[in-house]
Asks: 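Sharing a structure here in structure tokens format.
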Amino acid sequence: TLLGFIVTDLPIKASALQTMLTAAANRSFNCISVDGDMSTNDTICMLANGAVDNSVIDEASPDFEQVKSQVTEFAKQLAQLVVRDGEGATKFVTVNVKNSANFKDARIIAETISNSMLVKSALYGQDANWGRILCAIGYSKLENLASLDESKINVSFIATDNSSPRELKLISNGVPQFDIDERRASEILALPDLEILVDMGTGSEECQFWTCDLSHEYVTINGDYRS
Amino acid sequence: QKAAKTVDKYSLYVPKSGVFPKGFEVASLASGVKKNGNRDLGIILNTNKSRPSNAAAVFTTNRFKAAPVLVSRQVLDSGSGEGVNAIVVNSGCANAVTGELGMQDAQNVAGQVNTHIGKQNSTLVMSTGVIGQRLQMDKISKGINTLFDQKQFGSDFDSWLNLAKSICTTDTFPKLISSKFQLSNGTEYTLTGISKGAGMICPNMA
């Protein structure tokens, strides 16, 4: 179960606070996955008590967008900690789907990759199994193919430790890279933090999802949670 | 793999200090619901009287919403998010799929905090833990009274960190972050966030 709260001493009108939190959650807590399961209790609350001497912020206030953006970035940090914990997780993985025709499709694809048990198992085993990533993209429940053109898609692993080459191309314009540098792939997959970059090449919208690997420990923890 | 497993997440991700917003106090204790004796009950309280405190929330879209989800939503809906001064959280029992009795328990937990702060419809309630078991109301009720009667509320770093610990279940570390920000007119404000979760995580809240 995900529970959380964010509290602030700013005075914020209740309706503006709800708008802010909903927007923040949609780009943070609603973009994480450890195991693909949705709880009966997931809740994120926000309280604004107005202890700071400032005019009340509503949707028309000049500061509204700035505060909304700050709350969103803050919420991302808090959400990412949940993924870093994961149950038995050894890797923190950013799935970045960019240049999609629309945000909704980018989100669906990012979520599908993030929830794939086989992708997550491969990440745990440090196996550069790009086929599973492409497979997940292919069965994503998109309403149509506006964002998905097989001839334009690019998939890469991105190193997060400043080593080079930073990007390891797995699929280039729809063509699998059969001569992939396995040594470099292993180096990137051995990192505790890494990124899977999917460039749809069909637009300009993007969505980041945060997930983790699936380890033996996950089964151990969840095999006797109730008893 | 072995190297990755031995990473000490607690020392990596748990802060040793923080900045906290004005006008909030928090408290927590071990009520006895958790079998291991760890903290399992926490309350966050608005103490600022200069303006009413406002609240917002997003909730699970699971069709089987737990009692605390339904009760908190009622509180927010009835007051349009205005006048919410407290959040009470328990861990160890989710109070989910517990029917009418579970609803009464959640309402009683919120009501008990409302009584202590002297305001009706002023408390949100959250629960996490095992699904399909009723709250141990005797322990939780006693715990709430202890926190208020013994004035265990504080605003220091340890109080906030202990609150973060009190909502954990299978978490390997408490999740607490805080930051100061500045508005365009130079006014400084603070955000503090606490979350919990390690498994059953793929929320889609609205």
Side-chain angles (χ1 to χ4, degrees), chain A residues 1-15 17-18 20-22 25 29-30 32-52 54 62-63 66 70-71 74-75 77-79 81-82 84-87 90-91 115 192 218 221-222 225-226, chain B residues 4-5 9 13 21-24 44 46 48 50-51 53-60 62 64-66 69 72 80-82 84 87 89 94 96 124 126-128 130-131 167 170-173 175 177 179 181 183-184 187 189-205:
Chain A
T1 294
L2 172 77
L3 292 187
F5 36 84
I6 297 171
V7 293
T8 182
D9 42 18
L10 266 184
I12 306 175
K13 194 178 168 188
S15 59
L17 192 66
Q18 186 64 57
M20 231 176 241
L21 180 64
T22 302
F29 295 103
N30 281 351
I32 62 172
S33 176
V34 169
D35 48 22
D37 271 19
M38 185 198 295
S39 169
T40 51
N41 291 55
D42 292 332
T43 304
I44 300 291
C45 294
M46 188 165 176
L47 287 184
N49 71 354
V52 164
N54 195 73
D63 288 320
Q66 183 197 338
Q70 287 165 340
V71 169
F74 190 80
Q77 287 182 47
L78 201 53
L81 285 176
V82 174
R84 288 191 181 281
D85 198 331
E87 278 174 339
T90 68
K91 292 185 193 309
N115 282 337
Y218 180 87
I221 292 168
N222 288 288
Y225 183 69
R226 187 176 174 277
Chain B
K5 278 180 189 168
K9 292 183 180 179
Y13 303 120
K22 297 173 189 170
F24 285 104
I44 179 163
N46 167 42
N48 177 53
S50 66
R51 287 187 243 227
S53 174
N54 290 333
V58 287
F59 299 105
T60 182
N62 192 312
F64 296 107
K65 290 174 181 59
V69 168
S72 291
S80 301
E82 294 173 3
V84 174
I87 306 172
V89 194
L124 303 180
M126 295 167 145
S127 298
T128 178
V130 179
I131 294 174
I167 70 171
T170 55
D171 304 56
T172 57
F173 62 92
K175 295 148 191 79
I177 58 171
S179 285
F181 298 90
L183 299 179
S184 52
T187 301
Y189 75 98
T190 305
L191 289 175
T192 291
I194 288 176
S195 64
K196 66 82 47 183
M200 198 179 269
I201 298 291
C202 190
N204 184 24
M205 299 172 292

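Just so it is clear, the model here is predicted, and its values are computed rather than measured. A note on names: the letters A, B, ... follow the listed sequences, proteins ahead of strands, and every chain is numbered from 1.
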Asks: Which one of A/Val82, A/Val7, A/Leu81, A/Thr43 has the most heavy-atom pairs closer than 4.5 Å to chain B?
Replies: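 Going by pairs under 4.5 Å, I would pick A/Val7.
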Asks: Side chains of B/Thr172 and A/Asp85: any donor to acceptor distance under 3.5 Å?
Replies: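 Side-chain D/A pair, A/Asp85 to B/Thr172: present.
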Asks: For the candidates B/Ala198, B/Gly193, B/Ser195, B/Ala66, which exhibits the highest count of non-hydrogen atom pairs separated by less than 4.5 Å from chain A?
Replies: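 It is B/Ala198.
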Asks: Is A/Ala48 close to chain B through its backbone or its side chain, or both, or neither, when contacts mean heavy atoms under 4.5 Å?
Replies: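 Looking at A/Ala48, backbone and side chain both touch chain B.
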Asks: Looking at B/Ala96, B/Ser179, B/Ser53, which has the largest count of heavy-atom pairs under 4.5 Å with chain A?
Replies: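 Option with the greatest count: B/Ser53.
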Asks: Which one of A/Leu2, A/Asp37, A/Thr1 satisfies the side chain to side chain contact (heavy atoms under 4.5 Å, CB included) criterion with B/Ile201?
Replies: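 Among A/Leu2, A/Asp37, A/Thr1, the one meeting side chain to side chain contact (heavy atoms under 4.5 Å, CB included) with B/Ile201 is A/Leu2.
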Asks: Give, as side chain, backbone, both or neither, the part of A/Ile221 having an atom under 4.5 angstrom from any heavy atom of chain B.
Replies: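 For A/Ile221, the side chain is the part near chain B, not the backbone.
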Asks: Shorter than 4.5 Å, heavy atoms on both sides: which option in A/Asn115, A/Leu3, A/Asp63, A/Leu17 has the most such pairs with chain B?
Replies: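 The candidate making the most pairs under 4.5 Å is A/Leu3.
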Asks: Can you say whether B/Ser80 sits under 4.5 Å from chain A via the side chain, the backbone, both, or neither, judging by heavy atoms?
Replies: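 It is the backbone, since no side chain atom gets that close.
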Asks: So which of B/Val69, B/Ile194, B/Val130, B/Ile87 has the largest heavy-atom pair count under 4.5 angstrom toward chain A?
Replies: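 Highest number of heavy-atom pairs under 4.5 Å: B/Ile194.
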Asks: Sort out for me which of B/Ser72, B/Gly81, B/Gly199 touches chain A most, counting heavy-atom pairs under 4.5 Å.
Replies: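 Most pairs with chain A among the choices: B/Gly199.
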Asks: Are side-chain N/O atoms of A/Asp35 and A/Tyr218 paired as donor and acceptor at under 3.5 Å?
Replies: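 Yes, A/Tyr218 and A/Asp35 have a side-chain donor paired with an acceptor closer than 3.5 Å.
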Asks: Please report the interatomic distance CZ(A/Arg84) to CD(A/Gln77), rounded to the nearest 0.5 Å.
Replies: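 Separation between the atoms: 10.5 Å.
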Asks: Rounded to the nearest 0.5 Å, what separation is found between the CG atom of B/Asn62 and the CE atom of B/Met205?
Replies: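 Answer rounded to 0.5 Å: 12.5 Å.
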Asks: Shorter than 4.5 Å, heavy atoms on both sides: which option in B/Ala55, B/Ala57, B/Ser127, B/Ala94 has the most such pairs with chain A?
Replies: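 Among B/Ala55, B/Ala57, B/Ser127, B/Ala94, the one with the most close pairs to chain A is B/Ala57.
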Asks: Roughly how far, to the nearest 0.5 Å, is the CD1 atom of A/Ile44 from the CZ atom of A/Phe5?
Replies: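 The distance works out to 9.5 Å.
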Asks: Out of A/Leu21, A/Thr40, A/Thr8, which one racks up the most heavy-atom pairs below 4.5 Å with chain B?
Replies: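 Greatest number of close heavy-atom pairs with chain B: A/Thr40.
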Asks: Please round to the nearest 0.5 Å and tell me the distance separating atom CD1 of A/Ile6 and atom CD1 of B/Ile177.
Replies: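 Rounded to the nearest 0.5 Å, the CD1-CD1 separation comes to 7.5 Å.
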Asks: Will you find, in the side chains of B/Thr128 and A/Asn41, an N or O donor that is under 3.5 Å from an N or O acceptor?
Replies: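 Short answer, no.
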Asks: Take atom NZ in B/Lys65; do more than 12 heavy atoms of anything else shown fall under 6.0 Å from it?
Replies: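 More than 12 heavy atoms, drawn from other residues, nucleotides or ligands, come within 6.0 Å of this atom.
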Asks: What part of B/Leu183 lies closer than 4.5 angstrom to a heavy atom of chain A: side chain, backbone, both or neither?
Replies: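 For B/Leu183, backbone and side chain are both near chain A.
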Asks: Fit a plane to each ring of B/Phe181 and A/Phe74, take the angle between them on a 0 to 90° scale, and name the class: parallel (under 30°), tilted (30 to 60°) or perpendicular (over 60°).
Replies: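 Perpendicular.
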Asks: Heavy-atom distances under 4.5 Å only: say whether A/Gln70 touches chain B with side chain, backbone, both or neither.
Replies: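 Both backbone and side chain of A/Gln70 come within 4.5 Å of chain B.
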Asks: Of all of A/Ala25, A/Gly4, A/Ser15, A/Ser39, which one pairs up most often with chain B through heavy atoms under 4.5 Å apart?
Replies: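 Looking at each of A/Ala25, A/Gly4, A/Ser15, A/Ser39 in turn, A/Ser39 comes out on top.
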Asks: Pick one of side chain, backbone, both or neither for B/Ser184, based on which atoms fall under 4.5 Å of a heavy atom in chain A.
Replies: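 Contact with chain A is through both the backbone and side chain of B/Ser184.
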